[in-house]
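Reading through the structure tokens given below for one structure.
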Amino acid sequence: MLTYILRRVGAGVLLLAIVTLVTFTIFYVVPRLAGQTTEQLATMYVGKAPTPEAIEATIDRLGLDQPITVQFWEFLRGIFVGAEYQFGRDTVQCAAPCFGYSFQNYQEVFPEIIKRLPVTFSLAIGAGVIWLVGGVAVGVISAIKKGSVFDRVAMGIALAGVSLPIFFTGLLCLAFLVHATGLFPSPSYTPFTDNPVAWATGLILPWVTLAFLHAAQYARQTRAGMLETMGEDYIRTARAKGLAERKVVLKHGLRPTLTPIVTIFGLDLGLVLGGAVLTETVFSLNGIGRYAVTAIVQSDLPVILGVTLFGAFFIVVCNLIVDLLYAWVDPRVRVTA
């Protein structure tokens, strides 16, 4: 088991290194290969009215006139040991992990991401619990009651959930559940440690909206997996031995079905932890996703880079946890890994 864990941790570290290299290549190397000069690159980061002095200062500050290998080394050094930046006559120290300073407000990127992390984390955890428990429960009941009214209605709603984009369902919920009927309070974020009730009530609508999209997918996949599993010979054997139907379904039917569910849950949760872009934008939650959207609109390269690597980190970590859960869900993994 220890060998299995070490392999997965090593694979996760390697994947993060590859993501870092690819991200750097996309933002620094590809524009050069496309024919952009150093001055043109600097102009993108200066603003709408760049002056020659501002362009020159940007080139010096970002090291855009340095060879690509030197830029990559400085990029890595900033992540692991920090970096120094020159703003006019002042030299400022950027602590590791350093993703640089925003081109728009000159704020250090990593602390800004950490400041927004509680919002995104609260949104991801709450929605993740709802869509996992709700989606799997609906999928199991639909499989057991195949062809019933519940099955037809649940799968119809699931199809709607998969088909409708989240900005549509989110705006619909805001219009009817908040502004028209007042059934839900206006979405907002209150730190859990300040007021747990306000934390939950302020996020309930974003949770439900985000969970609706994912729960629909989980319900359909769980139903399909359960229908396939419940037709296996060992299920008939379990019933023939006189086991209670509840035990047959939950122990022998649901457990094999959970393997693909665990896989997609890890990926989905990692993506949401990296920033639920549309959900945070629709509900005006100041999380990592909204921070990324603002940076993209403003071409704020350090912020885009920082959020991209931060999101990749969560996806790799969630994948690692999923790999470890496999050994619990399916003990054969420990043998074959």
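Computed from a predicted model, the values in this text were never measured in an experiment.
- Residues R239 and E245 are paired through a salt bridge, judged by an N-O separation under 4.0 Å between the basic side chain and the carboxylate.
- Using a distance-only test at 3.5 Å, with no hydrogens or angles considered, no donor-acceptor pair links the side chain of E108 to the main chain of G100.
- Using modelled atom types, one side-chain atom of W207 and one backbone atom of S122 make a donor-acceptor pair closer than 3.5 Å.
- S163 places no side-chain N or O within 3.5 Å of a backbone atom of A160 that could act as its donor or acceptor partner.
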Check against side chain to side chain contact (heavy atoms under 4.5 Å, CB included), F150 and I141: CA-CA 8 Å; F150 178 88; I141 297 173; 3.2 Å; yes
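- With hydrogens and angles ignored, the 3.5 Å screen pairs no side-chain donor or acceptor of T229 with any backbone N or O of T257.
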Verdict with reasoning, L213 to T169, per side chain to side chain contact (heavy atoms under 4.5 Å, CB included): CA-CA 9 Å; L213 173 68; T169 53; over 6 Å; no
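- One N or O on the side chain of T181 and one on the backbone of F176 form a donor-acceptor pair closer than 3.5 Å.
- Judged purely by atom type and a 3.5 angstrom limit, E280 uses its side chain to pair as donor or acceptor with the backbone of G289.
- At a cut-off of 3.5 Å, with distance as the only test, a side-chain donor of D300 or S102 sits close to an acceptor on the other residue.
- No hydrogens or angles considered: a donor-acceptor pair under 3.5 Å links the side chains of D268 and Y218.
- Between Y28 and F75, the ring planes are tilted. Angles from 30° to 60° get that label.
- Side-chain N or O atoms of S148 include one that pairs as donor or acceptor with a backbone N or O of K145 at under 3.5 Å.
- Of the possible polar contacts, none joining the R220 side chain to the A216 backbone as a donor-acceptor pair under 3.5 Å is found.
- A distance-only check finds a donor-acceptor pair linking the side chain of T294 to the backbone of R290 [under 3.5 Å].
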